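Take this structure, written in structure tokens, and hold onto it; I'll ask about it next.
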Amino acid sequence: MDYNSKYNSSDSIKKKKAPEATYDMYQFISLDRDTTYIDTTQSIRKSYSHNYLRKDNFGLLAFPNDGQTYNTLQYGLNGFSPYPEFGFTAKQFNYMRANDIKYANVATPVTELYFKTTIQQGQSADSYFAINVSPRLNFSIAFRALRSEGRYINQQAKSGNFRFTTSYNSKNGRYIANMHYTSQRFQNEENGGISNVSNFTSGDPTFDNRQRLGVYFEDANSELKGKRFFIDQAFRINPKKAANNLYITEQFNYEKFMYGYTQETIPSIVDGNEVNRFGESFVTGGMDDRTDYNKMYNKAGLVYENTTLGSFTFFAEDLRTNYFYNNILYLNGDVTVGNLLSQTINTIGGQYNYRKDKWNGKILYSKSVTDQNLFNLDVSAVYDWNDENQLSFRYQSMNKLPNNNYNLFQSSYREYNWQNDFVNEKINSISAVADTKWVSLSAQLNTINDHLYYTDSDAAVRNDTMQIVKPHQYGKTINYASLKISREFVVGKWALDNTLLFQKVDQPDAILNVPEFVTRNTLYYTNYLFNRKLYFQTGIEFNYFSSYYTNNYNPVIGEFFVQDKVKIGNSPLVDYFVNFKIQRTRIYFKAEHFNSLFSKNNYFSDTNNPYRDFLIRFGLVWNFFN
């Protein structure tokens, strides 16, 4: 026997090479079971989502500071739900809902770190970590945080989004469960906008330091908090999966909200004069208003699945909500404003899903069996022509219950107290989308009846410094149409990416106001450096929307309201950027709104809040794997 051949490990023992994980082994699954994969590439589309919301915000107009609200340029951007919600919608752009949460299924531990500088002092960060402790049990934990000082008096923003998820599937595949917990908090100093707009528009260099511009409030604050526990689970009754399967499904959601508005000093000082911006108050100082809300939602379903015909679901839903204040108010003239809006809504419905070959379709219908007269019909179909071309269609018709703050609201401001009994909004929406290798087209037609909105147009006593906002219901029909076109032209290392939105509203009165034209055009150059180890893009991003009567933000109710006195828009917003990619790290430099250095001061987010000034910002997204 050869001694060396017996004991030489390099000859006799071959080390097994560990299998290499591929990109499709890092999956992120939505509530609707749609699967996406981790993507560490760099593209112009990726750079559009490098922002506070972590998504492409085309159709949204940011306010002066990070962490504030957004004015909506594109109507219908967030979709429709027939159920009544908490309200205070201007505060919820970064609030992560149940269908925003993704569940991880990863081969190895994965981490993503996001960072971006903010306005003046502060930072924006988002940390995400996911792990599979076994092929059937997955966890993820994430925290998104922001602190941004802002350039104006009393404008600091702070927020935190904590998310924890777990998903489990049994060895034989009979039981599947997805669960998450979120705790979210958004705090804003509220200055009510600048009190003398002419000081800004004059271009007087005295006011280049924005701290010198007077604002309505120097000690007002708002806070939105929300916590949610959610579980979605399914159990297959037949032991082995076959051509015909029967499932029991259950979904549970418990969520609670709080919106608070505080203000130490009630009167505002404008040009040396005392002004009551929101009218008279019950208190002379130390205002501390609070609205609470909780809901418990249960959905139980029975699913019959046939591998040829698709799946048929029959379900029942139970929604119980409480929207409340501490006290009942008794106002002048025997007017009473209650302190509780409690609802129990039960619905039954059915859903048909078909997914085979190139087709994917859904038909859903639900109707309340309690006395709210709620119903929802949702029909959609998707045809995947090939990897580069897809066609989709959706029709939705619903009776939508009013959000709670339309029907009940209490405030220390006398005029901001109401109790209503608005009827359901009636919404019909048709949309079609064509995503092709040549162009992306999306069209939408909406018909709205009994539209709910806020406005200050009928305030009994009003001047330019006073803002008395109340909810209203519009009894006439509003028709809305939009066409969105996206196309990128590439010539060598140069590219021009274009997104154009055309909108038209047909209405007897100016209630639903949007710009008729919105565009984003990005001209950029790409190349590799250092033996292709560094990939970079550099270019100019041009944003523009035509002038229109903007909606204004009101911090007392946390909502936007309709006004018909001042138009904004028709002012280009131009950014210069340089993006890099080194291995799995994407780095972003951007000179935001650099044309403000030489343009007129006519750029606004609403009538009293200017858009952002020139600012150089830095950020990165870093993925790494174990």
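Since this is a predicted model, take the numbers as computed values, not measurements. Values reported hereafter were calculated over all heavy atoms of this structure, with side chains retained and with hydrogens, waters and symmetry mates removed.
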ring-ring contact (aromatic ring centres under 6.0 Å, His included) assessment of Tyr261 paired with Tyr259
CA-CA 7 Å; Tyr261 178 79; Tyr259 179 74; 7.5 Å; no
Pair Asp506-Lys504, salt bridge (charged side-chain N to carboxylate O under 4.0 Å, His left out): steps then yes or no
CA-CA 7 Å; Asp506 179 21; Lys504 193 70 177 176; over 6 Å; no
Pick out which of Asp456, Asn608, Asn609, Thr607 makes a side chain to side chain donor-acceptor pair (under 3.5 Å) with Asn552.
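Answer to the side chain to side chain donor-acceptor pair (under 3.5 Å) test with Asn552 among Asp456, Asn608, Asn609, Thr607: Thr607.
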Looking only at the side chains, is there a donor atom on one of Thr370 and Asn346 sitting less than 3.5 Å from an acceptor on the other?
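Result is no, nothing qualifies.
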Measure up the Tyr480 and Tyr75 rings against each other and bin them: parallel (under 30°), tilted (30 to 60°), perpendicular (over 60°).
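It falls in the perpendicular class, over 60°.
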Polar side chain donor-acceptor pair, Asn353 to Gln351, under 3.5 angstrom:
yes
What residues, two or more places apart in sequence or in another chain, satisfy side-chain contact (heavy atoms from CB on, under 4.5 Å) together with Glu415?
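So Glu415 forms a side-chain contact (heavy atoms from CB on, under 4.5 Å) with Ile468, Lys470.
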Ring centres under 6.0 Å, that's the criterion: do Tyr181 and Phe164 meet it?
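So the answer is no for these two rings.
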If only atom types and distance count, is the side chain of Ser605 paired as donor or acceptor with the main-chain N or O of Ala62 below 3.5 Å?
yes
List for me each residue that meets side chain to side chain donor-acceptor pair (under 3.5 Å) alongside Arg414, sequence neighbours excluded, and say none if there are none.
none
Judged by atom type as modelled, is there a donor-acceptor pair below 3.5 Å linking the side chain of Asn238 to the main-chain atoms of Leu246?
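Between the backbone of Leu246 and the side chain of Asn238 there is a qualifying donor-acceptor contact (under 3.5 Å).
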Hey, is the main chain of Thr550 close enough, under 3.5 Å, to the side chain of Asn71 for a donor-acceptor pair?
no
Please assess Gln419 against Thr336 for the test side chain to side chain contact (heavy atoms under 4.5 Å, CB included), listing each intermediate value before the final yes or no.
CA-CA 8 Å; Gln419 186 163 3; Thr336 302; 5.5 Å; no
Donor-acceptor pair, distance only, cut-off 3.5 Å: does the side chain of Asn188 make one with the backbone of Gly67?
yes
For a 4.5 angstrom cut-off between non-hydrogen side-chain atoms, does Lys367 reach Leu374?
no
Any chance the side chains of Asn327 and Asn339 put a donor and an acceptor closer than 3.5 Å?
no
Do Gln473 and Val423 have side chains that approach each other closer than 4.5 Å (heavy atoms only, starting at C-beta)?
yes
Take atom NZ in Lys426; do more than 12 heavy atoms of anything else shown fall under 6.0 Å from it?
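Atom NZ in Lys426 is crowded, with more than 12 foreign heavy atoms closer than 6.0 Å.
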I need the Ser442 OG to Arg394 CZ distance, nearest 0.5 Å.
13.5 Å
Identify, with sequence neighbours excluded, every residue that meets side chain to side chain donor-acceptor pair (under 3.5 Å) alongside Tyr383.
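Not a single residue meets the side chain to side chain donor-acceptor pair (under 3.5 Å) criterion with Tyr383.
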Aromatic ring pairing Tyr323/Tyr293, orientation class (parallel under 30°, perpendicular over 60°, tilted between):
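Perpendicular.
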Do the side chain of Lys400 and the main chain of Ser81 share a donor and acceptor less than 3.5 angstrom apart?
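Checked: pair present.
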Parallel, tilted or perpendicular: rings of Tyr553 and Phe63 (30°, 60°):
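The rings of Phe63 and Tyr553 stand perpendicular, inter-plane angle above 60°.
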Can you confirm if the NZ or CZ of Lys567 lies within 45° of the ring axis of Tyr548 and under 6.0 Å from the centre of its six-membered ring?
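Ring-cation test returns no.
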Examine the side chains of Thr347 and Glu317 and answer whether a donor and an acceptor come within less than 3.5 Å of each other.
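The criterion, which ignores hydrogens and geometry beyond distance, is satisfied for Glu317 and Thr347.
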Is a side-chain N or O of Glu559 found less than 3.5 angstrom from the main chain of Thr89, in a donor-acceptor match?
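Yes.
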Side-chain heavy-atom pair Thr182, His180 within 4.5 angstrom cut-off
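They are in contact (side-chain heavy atoms under 4.5 Å apart), so the answer is yes.
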Are the side chains of Leu60 and Leu73 in contact, using a 4.5 Å heavy-atom criterion?
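Side chain of Leu73 against side chain of Leu60, heavy atoms only: no contact under 4.5 Å found.
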Pairs involving residues 400-420, ordered by first then second residue, that meet ring pair (Phe, Tyr, Trp, His ring centres under 6.0 Å) (sequence neighbours left out)
Phe278-Tyr413, Phe278-Tyr416, Tyr406-Tyr454, Phe409-Trp418
Do Asn513 and Val562 come within less than 4.5 Å of each other through their side chains, counting heavy atoms only?
yes
4.5 Å side-chain heavy-atom contact, Lys227 and Tyr254
no
Side-chain (Asn554) to main-chain (Val469) donor-acceptor, under 3.5 angstrom:
no
Between CG of Asn404 and CG of Leu341, what distance do you get to the nearest 0.5 Å?
5.0 Å
Can you find a pair of side-chain heavy atoms, one from Asn253 and one from Arg97, that are under 4.5 Å apart?
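A side-chain contact under 4.5 Å is absent here.
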Give a yes or no on whether the backbone of Ser412 and the side-chain of Ser281 come within a donor-acceptor separation of less than 3.5 Å.
yes
Classify the ring geometry between Phe93 and Tyr70 as parallel (under 30°), tilted (30 to 60°) or perpendicular (over 60°).
tilted
Compute whether any side-chain donor of one residue and acceptor of the other, for Asp435 and Ser440, lie under 3.5 angstrom apart.
yes
Starting at NZ of Lys91, measure out to CD of Gln187 and round the result to the nearest 0.5 Å.
10.5 Å
Does the ring-ring contact (aromatic ring centres under 6.0 Å, His included) test come out yes or no for Phe502 and Phe517, once each step is laid out?
CA-CA 5 Å; Phe502 303 90; Phe517 177 62; 5.3 Å; yes
Are any side-chain N or O atoms of Arg228 and backbone N or O atoms of Met96, one a donor and one an acceptor, separated by less than 3.5 Å?
yes
Atom pair OH/CG of Tyr103 and Asp232 - distance to nearest 0.5 Å:
7.0 Å
To the nearest 0.5 Å, what is the distance between CD1 (Ile485) and CG (Leu500)?
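So the gap between those two atoms works out to 6.0 Å.
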Reported OH-to-OH distance for the pair Tyr453 and Tyr474, which is rounded to 0.5 angstrom
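If I round to the nearest 0.5 Å, the distance is 7.5 Å.
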Minimum side-chain heavy-atom gap Tyr247-Ser311 below 4.5 Å
no
Under 3.5 Å: donor-acceptor pair, side chain of Thr165, backbone of Phe139
no
Asp100 bridged to Arg163 by N-O distance under 4.0 Å
no
Which residues pass the side chain to side chain donor-acceptor pair (under 3.5 Å) test with Gln184, not counting sequence neighbours?
Asn161
For Asp606, all residues meeting salt bridge (Lys or Arg N to Asp or Glu O under 4.0 Å), sequence neighbours excluded
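Per chain and number, Asp606 pairs via salt bridge (Lys or Arg N to Asp or Glu O under 4.0 Å) with no residue.
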Does the pair Arg355 and Asp384 meet the rule for a salt bridge (charged side-chain N to carboxylate O under 4.0 Å, His left out), with working shown?
CA-CA 11 Å; Arg355 185 190 295 267; Asp384 287 312; over 6 Å; no
Against the six-membered ring of Phe315, is Lys299 placed for a cation-pi contact (under 6.0 Å from the centre, within 45° of the normal)?
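Yes.
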In this structure, which one of Thr36, Thr35, Asn138 forms a side chain to side chain contact (heavy atoms under 4.5 Å, CB included) with Gln27?
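Passing option: Thr35.
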Verify side chain to side chain contact (heavy atoms under 4.5 Å, CB included) between Gln410 and Leu329, making sure each step is shown before the conclusion.
CA-CA 8 Å; Gln410 288 189 14; Leu329 296 184; 3.7 Å; yes
Salt-bridged, Asp292 to Arg290, with N to O below 4.0 Å?
yes
